[in-house]
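We use all heavy atoms of the structure for the numbers below, so side chains are in, but hydrogens, waters and symmetry mates are not.
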Amino acid sequence: MRIMGLDIGGANTDCCIYNINDDKCELIKTNKEYLPMWNNKEELESCLERFKKYEKLDVVIVTTTAELSDGYKSKEEGIHDITKKVMNVFDKEDIFFVTFNGLKDYEYVKENPLDMAAANWIATSHLIANIKKDCIFMDMGTTTTDIIPIKDSHEIAEGHSDLERLCSGELVYSGMLRTNIATIVNQIPVKNTFASVSSELFTITADLYRILNDITEEEYICDTPDNKAKDILSCKRRLSRLVCAQLDDFDDKEILEIAKYVKNEQVEQISKSLEKVVIKTGIEDVIITNYANATICKLAAEKLGLNVVMLEDYFTKDTINISPTVGAIQMYLDEKYTSKESIL
């Protein structure tokens, strides 16, 4: 049996394909495509066709967060549009959608669209529970950070909707690439004083982590704020605009110090939310994945003196940044084949 796990995000659409034979799970393919749904939602079917090309699939398991994008007036509208496009492309496969009430078919989702909204972390929790039955899973992606508590191999999140999770500390709208740096700091150290920052979208965290060599130019997969290049010099130029300056106003050491300061503030931002979850659950073991070579979640957990396990010890590089897609397949195995072992 060949299964695709599919995660349709607001900025990126990801997939993985596994071949399941008896108790053996073999990774066949992974794919990640930058698709900003707020502008290009009509291209989703073409994207899915490219994922499907040359593949004979039996089952497709789907998660989504793209219904939150500005391309839709409501979550319900987004879910209806996205799931219909999925059904159009995968018209011969068995399709299941990840919801807060387990895997459901298209008819269920049409009647209960909000049960599917932003539920991709439910799929991921199935995967992590096969690694450690009591833990907090931290996943920083391009846009957001999930902080998912797991107890006795089941997620015990206080919130389910994004609003509830933002209140509980289990979701932080801060990520590796697309986050406006002005949402992380309101001032930065400049020439022996502090300068207030501009709230304009001059620079994003992708610029920051290119400067610090935490991501490569190829890993800068989103649009730049000024639609210019993604080389380090261009990133430094955008970062200088954070305080309405130009690059000539700083030397390399000063720009690097600004970048380090902002990174430390993002670590603090994530650490505060993590601490809320730790206090509520009493769990001190943390499983972490970071985008590319970043260490934000690891540093946040270490700041609190927690026990850290890196997901990269269990995953290939191809799958570590698309864990919800693998989790979706694990969720299918857990629900449909109780004798199956972990996909790991």
Side-chain angles (χ1 to χ4, degrees), residues 3-18 25 27-37 47-48 50-51 61-66 98 118-128 130-131 136-148 171-179 204-210 212-223 230 263 266 270 286-301 308-331 342-344:
I3 307 179
M4 174 185 284
L6 183 62
D7 184 28
I8 303 169
N12 299 287
T13 295
D14 306 331
C15 84
C16 71
I17 299 174
Y18 275 80
C25 302
L27 178 64
I28 303 298
K29 176 182 178 181
T30 65
N31 212 333
K32 176 185 282 284
E33 185 166 320
Y34 177 61
L35 179 61
M37 290 286 284
C47 172
L48 299 182
R50 288 190 289 274
F51 286 178
I61 316 296
V62 186
T63 72
T64 178
T65 56
V98 174
N120 65 344
W121 60 276
I122 294 290
T124 308
S125 69
H126 278 255
L127 185 65
I128 302 305
N130 279 275
I131 298 175
I136 295 171
F137 177 55
M138 298 183 70
D139 179 12
M140 175 174 273
T142 62
T143 311
T144 62
T145 301
D146 287 315
I147 302 175
I148 306 170
L171 175 65
V172 189
Y173 240 90
S174 189
M176 275 298 301
L177 300 187
R178 298 182 56 244
T179 302
I204 55 178
T205 43
D207 296 323
L208 178 73
Y209 294 116
R210 277 292 285 128
L212 295 173
N213 288 313
D214 285 335
I215 63 170
T216 64
E217 188 165 341
E218 291 70 30
E219 289 166 335
Y220 193 143
I221 59 173
C222 62
D223 295 330
K230 300 176 181 179
K263 178 177 181 176
Q266 191 176 31
I270 301 299
V286 182
I287 295 178
I288 289 172
T289 179
N290 290 295
Y291 185 81
N293 292 319
T295 56
I296 305 301
C297 290
K298 183 172 184 289
L299 290 170
V308 173
V309 175
M310 299 304 295
L311 194 60
E312 63 193 35
D313 295 339
Y314 298 87
F315 269 69
T316 65
K317 187 176 181 180
D318 286 344
T319 55
I320 196 165
N321 289 319
I322 57 170
S323 55
T325 69
V326 187
I329 295 176
Q330 183 65 58
M331 188 172 177
S342 168
I343 201 169
L344 298 174

**OP:** State which residues pass side chain to side chain contact (heavy atoms under 4.5 Å, CB included) with Thr124; sequence neighbours excluded, sorted by chain then number.
**Re:**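 For Thr124 the side chain to side chain contact (heavy atoms under 4.5 Å, CB included) partners, ignoring immediate neighbours, are Ile128, Phe137, Ser323, Pro324.
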Sub-4.5 Å side-chain heavy-atom contact between [X] and [Y]:
{"X": "Cys16", "Y": "Ile329", "answer": "yes"}
{"X": "Thr319", "Y": "Tyr18", "answer": "yes"}
{"X": "Ile147", "Y": "Ile136", "answer": "yes"}
{"X": "Thr289", "Y": "Tyr314", "answer": "no"}
{"X": "Leu311", "Y": "Ile131", "answer": "yes"}

For a quick test of reading the model, state the closest non-hydrogen atom pair linking [X] to [Y] and the distance between them.
{"X": "Gly327", "Y": "His126", "value": "O-CB, 4.3 Å"}
{"X": "Met331", "Y": "Ala123", "value": "SD-CA, 4.1 Å"}
{"X": "Lys230", "Y": "Ile221", "value": "NZ-C, 4.2 Å"}
{"X": "Cys222", "Y": "Leu177", "value": "SG-CB, 3.9 Å"}
{"X": "Ser125", "Y": "Ile148", "value": "CB-CG2, 4.2 Å"}
{"X": "Lys29", "Y": "Arg50", "value": "NZ-O, 3.9 Å"}

Give a yes or no answer on whether the side chain of [X] reaches the backbone of [Y] with a donor-acceptor pair at less than 3.5 Å.
{"X": "Thr216", "Y": "Glu219", "value": "yes"}
{"X": "Thr205", "Y": "Gly175", "value": "yes"}
{"X": "Lys263", "Y": "Ile296", "value": "no"}

Quick one: [atom1] on [X] to [atom2] on [Y], what's the gap to the nearest 0.5 Å?
{"X": "Asn12", "Y": "Leu35", "atom1": "CG", "atom2": "CG", "result": "8.5 Å"}
{"X": "Ile8", "Y": "Cys15", "atom1": "CD1", "atom2": "SG", "result": "10.5 Å"}
{"X": "Ile215", "Y": "Leu208", "atom1": "CD1", "atom2": "CG", "result": "9.0 Å"}
{"X": "Ile288", "Y": "Asp313", "atom1": "CD1", "atom2": "CG", "result": "11.0 Å"}
{"X": "Met176", "Y": "Ile204", "atom1": "CE", "atom2": "CD1", "result": "11.0 Å"}
{"X": "Leu127", "Y": "Gln330", "atom1": "CG", "atom2": "CD", "result": "6.0 Å"}

**OP:** Would you please say whether a donor-acceptor pair under 3.5 Å links the side chains of Asp7 and Thr63?
**Re:**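 Short answer, yes.
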Original post:
If you measure only the distance, is there a donor-acceptor pair under 3.5 Å linking the side chains of Arg178 and Thr143?
Top reply: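 Short answer, yes.
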Original post:
Quick one: which of Thr325, Asp14, Ile61, Thr13 gives a side-chain contact (heavy atoms from CB on, under 4.5 Å) with Leu6?
Top reply: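 Of Thr325, Asp14, Ile61, Thr13, side-chain contact (heavy atoms from CB on, under 4.5 Å) with Leu6 is met by Thr13 alone.
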**OP:** Applying side chain to side chain contact (heavy atoms under 4.5 Å, CB included), run through Phe51 and Ile17 and close with a yes or a no.
**Re:** CA-CA 9 Å; Phe51 286 178; Ile17 299 174; over 6 Å; no
